[in-house]
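Working notes, structure below.
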Amino acid sequence: MRLLRSLVASAAIAVAAAYVPPHMKLPSTWTDVSTGTLVPLEFKSEAAAAVKGDAESTVTESACMSAADVISKHSGRNGAALHLLFDDQAYSCFLKDEFCAVRKAKVTIADLAAREDKPLHGFRLFGVVKEVGVDDAGLTDFRENFSPYPLYRDEETIFYNALGARKIALKTWNPLRLFRGMRDIGKRLKAKGITGNYKGEGVIQGGIIIFDKNGVARYAYREETGYEVPIEDIIAAVKAVKAETS
């Protein structure tokens, strides 16, 4: 009887450890993103660009790569975590959804990778933006200070389309809720040391995609503008993929 109880308890723990919330499943809009094309981005600070007499070009592009090659390049022992940046301006605010659509995911995924308990151990990070050329200085600053992983431009927006190409929308006309939303987001930004600007289109939302070690997309979080990224759900998805590859 004691052995049976032990086995049942072990099974329950295993099931709990493997549980991933339903909202982390790949959406119905999902398509094979490995067929897309990504453009590697290279960054230099405004100071370095000024020294070279090219202060307006802090972001340059390299030769195109297939998305399959990029995913493979950034796959660790267990897989890869792709951060699909909120439209092209991952570092700024946009007065649309509750006044301030903040790209918090870009911060929290980097914070997650830097945590002492190393929840992303065995995974490598890379990011994708929709376009460049709107506020490259701001993107460079954000990348240097908050997202120090390789970034690419999604030439065909195939990654964004796979997540549904969801546009942000005003969720309430209640002025009190709008004010509270703006205030709360501002507090979170200030706590993380982020300052935003209002350049850029800022329309299509991003997300986080978890690939296994073979480059197959397994889970995806679709960003909800104005809300914190569900860190524990991301960790659960990572653990599930790790369990399959260990």
Side-chain angles (χ1 to χ4, degrees), residues 26-27 29-45 48-49 52 54 56-91 103 105-106 109-110 112-113 120-166 200-201 204-223 234 237-238 241 245:
L26 297 179
T29 55
W30 188 261
T31 55
D32 183 9
V33 296
S34 66
T35 61
T37 301
L38 295 175
V39 182
L41 302 180
E42 298 179 0
F43 296 83
K44 57 178 177 286
S45 66
K52 295 183 179 181
D54 191 17
E56 295 299 321
S57 300
T58 57
V59 181
T60 56
E61 299 184 340
S62 300
C64 296
M65 297 178 62
S66 72
D69 287 344
V70 171
I71 296 170
S72 176
K73 177 181 178 180
H74 296 294
S75 291
R77 182 178 64 185
N78 298 116
L82 162 63
H83 184 200
L84 194 66
L85 304 189
F86 185 109
D87 206 356
D88 57 310
Q89 304 306 300
Y91 42 83
R103 288 67 161 166
K106 275 55 70 181
I109 190 66
L112 184 59
L120 294 185
H121 179 70
F123 286 74
R124 293 179 181 173
L125 301 179
F126 69 103
V128 165
V129 297
K130 179 173 172 286
E131 60 184 20
V132 297
V134 178
D135 182 16
D136 290 349
L139 178 58
T140 300
D141 179 71
F142 190 94
R143 191 256 183 182
E144 290 178 349
N145 291 288
F146 300 104
S147 301
Y149 45 75
L151 292 180
Y152 299 81
R153 178 172 62 80
D154 185 358
E155 190 167 52
E156 301 157 328
T157 64
I158 189 170
F159 286 85
Y160 290 89
N161 291 334
L163 289 185
R166 298 163 306 116
E201 180 184 359
I204 300 179
Q205 299 184 94
I208 297 171
I209 303 171
I210 306 298
F211 296 89
D212 63 22
K213 66 179 182 180
N214 297 315
V216 178
R218 302 302 307 279
Y219 300 99
Y221 164 69
R222 301 200 294 174
E223 181 181 25
I234 302 297
V238 168
V241 174
T245 57

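Since the model is a prediction, treat every value here as computed from it, not as a measurement.
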Under the rule for side-chain hydrogen bond (donor to acceptor under 3.5 Å, both in side chains), what residues qualify as partners of Glu156, not counting sequence neighbours? none
Starting at CZ of Phe126, measure out to CG of Leu151 and round the result to the nearest 0.5 Å. 10.5 Å
Of the non-hydrogen atoms in Pro150 and Leu125, which two are nearest, and what is the gap between them? CD-O, 3.7 Å
Set of residues satisfying side-chain hydrogen bond (donor to acceptor under 3.5 Å, both in side chains) with respect to Glu61, sequence neighbours excluded: Arg153
Using distance only, find each side-chain donor-acceptor pair of residues 33-40 under 3.5 Å and give its atom names and separation, not counting sequence neighbours.
{"residue": "Ser34", "atom": "OG", "partner": "Asp32", "partner atom": "OD1", "Å": "2.6"}
{"residue": "Ser34", "atom": "OG", "partner": "Asp32", "partner atom": "OD2", "Å": "3.1"}
{"residue": "Thr35", "atom": "OG1", "partner": "Asp32", "partner atom": "O", "Å": "3.0"}

Residues Tyr219 and Leu26: closest non-hydrogen pair is C-CD2, 3.8 Å
Those residues that, when tested against Thr29, pass side-chain hydrogen bond (donor to acceptor under 3.5 Å, both in side chains) (two or more places apart): none
From Cys64 atom SG to Glu155 atom CD, the distance as rounded to the nearest 0.5 Å: 4.0 Å
Side chains of residues 210-218: which donor-acceptor pairs under 3.5 Å do they make with residues two or more places apart or in other chains?
{"residue": "Asp212", "atom": "OD1", "partner": "Asn214", "partner atom": "N", "Å": "2.9"}
{"residue": "Asp212", "atom": "OD1", "partner": "Gly215", "partner atom": "N", "Å": "3.1"}
{"residue": "Asp212", "atom": "OD1", "partner": "Val216", "partner atom": "N", "Å": "2.9"}
{"residue": "Arg218", "atom": "NH1", "partner": "Glu244", "partner atom": "OE1", "Å": "2.4"}
{"residue": "Arg218", "atom": "NH2", "partner": "Glu244", "partner atom": "OE1", "Å": "3.3"}
{"residue": "Arg218", "atom": "NH2", "partner": "Glu244", "partner atom": "OE2", "Å": "3.2"}

Check: Tyr152 ring centroid to His74 ring centroid under 6.0 Å: yes
I need the single residue from Leu41, Val132, Thr58 that forms a side chain to side chain contact (heavy atoms under 4.5 Å, CB included) with Thr140. Which is it? Thr58
Residue pairs passing the salt bridge (Lys or Arg N to Asp or Glu O under 4.0 Å) test where at least one lies in residues 63-83, sequence neighbours excluded: none
On a heavy-atom basis, the closest approach of Asp154 and Phe159 is OD2-N, 2.9 Å
Under 3.5 Å side-chain donor-acceptor pair for Tyr221 and His83: no
Looking only at heavy atoms, what is the nearest atom pair of Gly164 and Arg222, with distance? CA-NH1, 4.4 Å
So, the side chain of Arg124 versus the backbone of Leu82: is there a donor-acceptor pair under 3.5 Å, distance only? no
